[in-house]
Amino acid sequence: MARRSARPRQRASAAVPADSAVPTDCPCGLPAPYEACCGRYHAGAGAAPTAEALMRSRYSAFVTGEAGYLLRTWHPQTRPERLELDPGMRWTGLEILSVSDGSAFHPTGTVEFRASYRGGSLHERSRFERVDGAWAYVDGEFPG
């Protein structure tokens, strides 16, 4: 049976200034500036240490338009050849619903989340695996 974290649900808004594609507060919802949080992963200054951190950084990559990061952190067996992001999409917040495994001691992990965008939301249960020691997004399912 998968262990779920005892952390409370976290919800945050993506703080993207109107005149910039790079937010000052991290869109992932953690209380840190973008550059010190997901921005460092996007810049290649380290790898996300947990499946949840990778999921948060991937959400932030959607907010900031970092398609290259999304492709680099996609599992090689399920990665598309290319990824085109919709420049009109406005992501507005992330809520972590549950986390199963995905720590430094696990080879796999699952993160269930709800990502809000202007006009709706996306509810996904994402699977992650380690590839050469780094976390990678495998795929997701959309719970009913």
Side-chain angles (χ1 to χ4, degrees), residues 1-16 21-144:
M1 176 182 283
R3 181 177 56 87
R4 296 196 186 264
S5 76
R7 282 175 268 182
R9 291 182 180 180
Q10 298 176 350
R11 182 174 176 83
S13 294
V16 180
V22 178
T24 51
D25 294 332
C26 196
C28 81
L30 294 178
Y34 169 76
E35 294 81 13
C37 194
C38 296
R40 64 191 163 126
Y41 304 136
H42 296 173
T50 65
E52 180 182 349
L54 180 62
M55 197 250 92
R56 287 178 176 279
S57 71
R58 286 177 57 83
Y59 169 81
S60 292
F62 276 102
V63 172
T64 60
E66 294 283 342
Y69 179 78
L70 292 166
L71 288 170
R72 285 191 310 275
T73 57
W74 213 307
H75 196 287
Q77 293 180 348
T78 58
R79 179 188 307 134
E81 286 187 32
R82 62 190 178 120
L83 180 64
E84 294 181 28
L85 301 178
D86 179 356
M89 178 64 99
R90 295 294 177 246
W91 296 98
T92 59
L94 175 65
E95 181 181 7
I96 302 298
L97 302 174
S98 69
V99 177
S100 299
D101 298 332
S103 77
F105 305 105
H106 300 109
T108 63
T110 304
V111 179
E112 184 173 354
F113 66 92
R114 181 172 294 111
S116 300
Y117 55 88
R118 192 173 299 152
S121 67
L122 169 73
H123 180 189
E124 182 175 316
R125 187 176 302 120
S126 297
R127 292 186 320 124
F128 298 88
E129 289 182 3
R130 288 187 178 275
V131 175
D132 296 327
W135 286 106
Y137 170 78
V138 177
D139 59 18
E141 61 181 21
F142 305 103

Quick one: closest heavy-atom pair of T92 and R118, and the distance? CG2-N, 3.9 Å

Kindly give the heavy-atom pair with the smallest separation between A115 and W91, and that separation in Å. CB-CZ3, 3.7 Å

When you look at H123 and L97, which way does the side chain to side chain contact (heavy atoms under 4.5 Å, CB included) test go after all the steps? CA-CA 9 Å; H123 180 189; L97 302 174; 3.4 Å; yes

Heavy atoms only: give me the nearest S60-C38 pair and the separation to one decimal. OG-SG, 3.5 Å

If I take atom CG from residue L94 and atom CE from residue M55, how far apart are they, to the nearest 0.5 angstrom? 4.5 Å

Name the one of R58, R79, H42 that satisfies side chain to side chain donor-acceptor pair (under 3.5 Å) with T73? R58

So which heavy atom on W135 is nearest to which on P107, and how close? CZ3-O, 3.8 Å

Hey, what do you get for CG (L70) to OG1 (T64), rounding to the nearest 0.5 Å? 8.0 Å

When you measure from the side chain of T78 to the backbone of V138, do you find a donor-acceptor pair of N or O atoms at a distance under 3.5 Å? yes

Report the distance from atom CD of E52 to atom OG of S100, rounding to the nearest 0.5 Å. 11.0 Å

With no hydrogens and no angle check, is any side-chain donor or acceptor of R130 less than 3.5 Å from a backbone partner on H106? yes

Could you tell me if the side chain of M89 sits less than 4.5 Å from the side chain of F62, heavy atoms only? no

To the nearest 0.5 angstrom, please state how far the CD1 atom of I96 sits from the CG atom of L30. 8.5 Å

How about P33 and T24: do any of their side-chain heavy atoms sit closer than 4.5 Å? no

With respect to W74, which candidate in F128, Y69, Y137 satisfies the ring-ring contact (aromatic ring centres under 6.0 Å, His included) definition? Y137

Which atom of E141 lies closest to which atom of P143, heavy atoms considered: O-CD, 3.2 Å

Separation between CG of L83 and CD of E81, rounded to the nearest 0.5 Å: 12.5 Å

Rounded at 0.5 Å granularity, tell me how far CZ in R125 sits from OG in S98. 6.5 Å

Any donor-acceptor pair under 3.5 Å linking the side chain of R56 with the backbone of C28? yes

Taking T110 for the side chain and R127 for the main chain, is one N or O donor matched with an acceptor at less than 3.5 Å? no

Is the shortest side-chain heavy-atom distance between H75 and E129 below 4.5 Å? yes

Heavy atoms of L71 and P80 approach each other most closely as CD2-O, 3.6 Å

side-chain hydrogen bond (donor to acceptor under 3.5 Å, both in side chains) for S126 and E124? Distances and angles first, verdict last. CA-CA 6 Å; S126 297; E124 182 175 316; 2.7 Å; yes

